[in-house]
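Everything numeric here is computed off the predicted structure, so don't read it as measured data. Just so we're on the same page: letters track the sequence lines, and every chain starts at 1.
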Amino acid sequence: MPFRRYVEIGRVALVNYGPDYGKLVVIVDVVDQNRALVDSPKMVRSQMNFKRLSLTDIKIDISRVPKKKVLIEAMESAEVQKRWENSSWGRKLIVQKRRAELNDFERFKIMLAKIKRGALIRRELSKLKKENPV
Amino acid sequence: MAKSEKPRVSRNKELIRGVGRFSRSKMYHKRGIWALKEKNGGSFPRHDKQPPQAKAVEKAPKFYPADDEPKPLINKRKPKPTKLRSSITPGTVLILLAGRFKGKRVVFLKQLESGLLLVTGPFKLNGVPIRRVNQAYVIATSTKIDISTVDASKFTDKYFEKEVVRKKKTESDFFEAEKEDKKTLPTEKKEDQKVLDAVVLQAVESVPDLNQYLSSRFSLRSGMKPHELVF
């Protein structure tokens with residue numbers, strides 16, 4: 001019930017609205033009740049409304065408004081990108097992105113693979129059912 | 001002129017539109033009109049008018065219409081050949097969207113002179129013969145097959161023209177009109193199909209699952225948004 005992810009300096013967030021949609025950014029300062037100063041290795045430091053940010057579990061150790069070089073070093077040492085890609089949230093987004101760019105033939109191959117997998121599972125299940133009659 | 005002419009350069013440089021560097025008299029000198037006149041004994045060489053050639057006497061036409069009708073304007077427009085979408089190259093798998101074979105996935109061979117696309121099933125896989133299809137009724141997928149060894153040069157628009165059967169109007173034919181012969185494909189066309197498909201099938205077999213892909217039809221399922229799908 002209590003909050004677990006707090007807005008703090010060093011909190012990594014995902015942008016969920018606007019031109020930077022889908023990017024990971026780090027909160028480097030808080031402007032006021034609604035806005036944060038936000039920075040990322042590949043973008044210019046700018047302000048963003050909290051409503052555009054979804055907080056993640058990842059937090060890095062930085063001081064208020066670090067220089068870009070310091071920020072990049074801190075992100076590398078905390079392995080932000082790797083932790084993100086291994087997290088279930090991050091993995092889900094990667095899968096969604098991959099599914100969206102499948103072409104027609106790939107979709108067909110996936111359908112075949114799903115059918116095969118389902119058939120295997122059902123075969124195993126029926127074997128187990130036979131061995132252990134209920 | 002048999003001599004190859006270099007592009008004509010003006011001897012009078014244009015300072016501003018309508019104003020040249022040199023005046024009329026200077027240009028007269030530069031062009032050498034004075035030298036031509038000298039060569040021709042004081043006056044510029046000229047041709048005398050040719051005597052008018054006697055025209056053949058035209059008879060008045062036997063019949064001409066009562067009123068002068070306005071003639072339509074001359075139209076010299078030649079329609080351009082249909083532009084082929086850049087996503088469609090020989091060997092592309094296309095999805096047919098209309099007609100008897102809608103939804104079928106089909107291999108594109110080449111564009112014909114009329115602008116229509118020449119496609120084949122292959123026939124063994126999905127029942128689509130060598131056929132012409134309009135580009136507008138087709139989705140081009142990004143799946144490409146290597147059909148560089150395929151020779152489709154004998155298929156042109158003429159190949160697909162309907163054969164004109166001229167019937168003689170006799171009484172007996174009237175009664176026999178009910179017994180129409182079933183139009184079967186001539187064996188040569190069937191042979192053409194087999195020969196062409198043999199090569200295409202070879203290319204298809206080399207890619208796993210592609211033969212099953214071509215045998216199945218495309219359909220939209222729940223949740224598929226065509227404007228978001230990548231083909």
Side-chain angles (χ1 to χ4, degrees), chain A residues 13-25 40 42-43 48-49 51-56 81-82 84-127, chain B residues 85-97 101-108 119 121-122 125-126 128 133 137-147 200-201 203-231:
Chain A
L14 184 72
V15 180
N16 59 28
Y17 181 88
D20 298 313
Y21 182 86
K23 296 202 182 131
L24 280 180
V25 290
S40 162
K42 292 197 188 117
M43 79 185 238
M48 251 191 214
N49 193 313
K51 291 189 179 180
R52 289 197 179 193
L53 299 172
S54 300
L55 303 178
T56 68
Q81 194 60 31
K82 205 156 81 135
W84 174 245
E85 282 166 12
N86 290 336
S87 72
S88 58
W89 184 1
R91 273 184 284 136
K92 263 191 277 179
L93 288 189
I94 291 173
V95 168
Q96 276 175 20
K97 189 160 160 284
R98 182 71 187 102
R99 286 205 181 129
E101 57 189 39
L102 287 175
N103 81 27
D104 193 45
F105 187 29
E106 286 171 351
R107 260 176 269 136
F108 181 79
K109 286 192 273 196
I110 284 180
M111 177 188 74
L112 292 183
K114 279 192 185 170
I115 292 173
K116 270 206 190 113
R117 186 178 70 168
L120 277 175
I121 291 174
R122 244 172 280 135
R123 220 176 297 155
E124 284 303 314
L125 183 62
S126 61
K127 263 195 239 167
Chain B
R85 261 183 270 162
S86 56
S87 52
I88 303 181
T89 61
T92 313
V93 173
L94 306 174
I95 300 176
L96 302 180
L97 295 173
F101 299 107
K102 53 177 156 294
K104 296 269 192 194
R105 296 172 173 120
V106 128
V107 179
F108 169 69
V119 295
L125 293 181
N126 50 26
V128 180
V133 136
Y137 300 98
V138 138
I139 294 180
T141 65
S142 46
T143 318
K144 313 242 184 238
I145 305 174
D146 179 22
I147 58 163
V200 177
L201 276 170
V204 165
E205 306 281 292
S206 59
V207 182
D209 293 333
L210 192 58
N211 53 349
Q212 280 183 287
Y213 177 58
L214 292 176
S215 318
S216 63
R217 275 202 209 230
F218 172 81
S219 70
L220 283 177
R221 306 244 155 77
S222 199
M224 283 173 127
K225 298 173 194 156
H227 68 291
E228 282 179 8
L229 284 180
V230 168
F231 285 101

Of the backbone (N, CA, C, O) and the side chain (C-beta and beyond), which part of B/I139 lies under 4.5 Å from a heavy atom of chain A, both, or neither? neither

Could you tell me if the side chain of A/L93 sits less than 4.5 Å from the side chain of A/W84, heavy atoms only? yes

Heavy-atom pair with the smallest gap, counting every atom of B/A140 and B/L94: CA-CD2, 3.9 Å

Provide the closest heavy-atom pair for B/L210 versus B/V204 in the form atom of the first, atom of the second, distance.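 In terms of heavy atoms, the two residues are closest at CB-O, 3.8 Å.
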
Evaluate B/V119 against B/V107 for side-chain contact (heavy atoms from CB on, under 4.5 Å), listing each step before the verdict. CA-CA 6 Å; B/V119 295; B/V107 179; over 6 Å; no

Pairing residues for A/I121 by the side chain to side chain contact (heavy atoms under 4.5 Å, CB included) criterion, not counting sequence neighbours: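 Counting only residues at least two positions away or on another chain, A/I121 forms a side chain to side chain contact (heavy atoms under 4.5 Å, CB included) with A/R117.
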
Part of A/F105 within contact of chain B (heavy atom distance under 4.5 Å): both

Using heavy-atom distances under 4.5 Å, tell me whether A/L112 contacts chain B through its side chain, its backbone, both, or neither.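 For A/L112, the side chain is the part near chain B, not the backbone.
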
Before you tell me yes or no, could you show the steps for B/V133 and B/F101 under side-chain contact (heavy atoms from CB on, under 4.5 Å), namely the whole-Å CA-CA distance, both residues' side-chain angles and the distance that decides it to 0.1 Å? CA-CA 10 Å; B/V133 136; B/F101 299 107; over 6 Å; no

Any chance you could lay out the side-chain contact (heavy atoms from CB on, under 4.5 Å) test for B/L201 and B/L125, step after step, and finish with the verdict? CA-CA 9 Å; B/L201 276 170; B/L125 293 181; 3.9 Å; yes

Could you work out all donor-acceptor pairs shorter than 3.5 Å where one atom is in chain A and the other in chain B?
unit_1: A/N103; atom_1: ND2; unit_2: B/S142; atom_2: OG; d: 3.1
unit_1: A/D104; atom_1: OD2; unit_2: B/R105; atom_2: NE; d: 3.0
unit_1: A/D104; atom_1: OD2; unit_2: B/R105; atom_2: NH2; d: 3.3
unit_1: A/D104; atom_1: OD2; unit_2: B/Y213; atom_2: OH; d: 2.7
unit_1: A/R107; atom_1: NH2; unit_2: B/V230; atom_2: O; d: 2.4

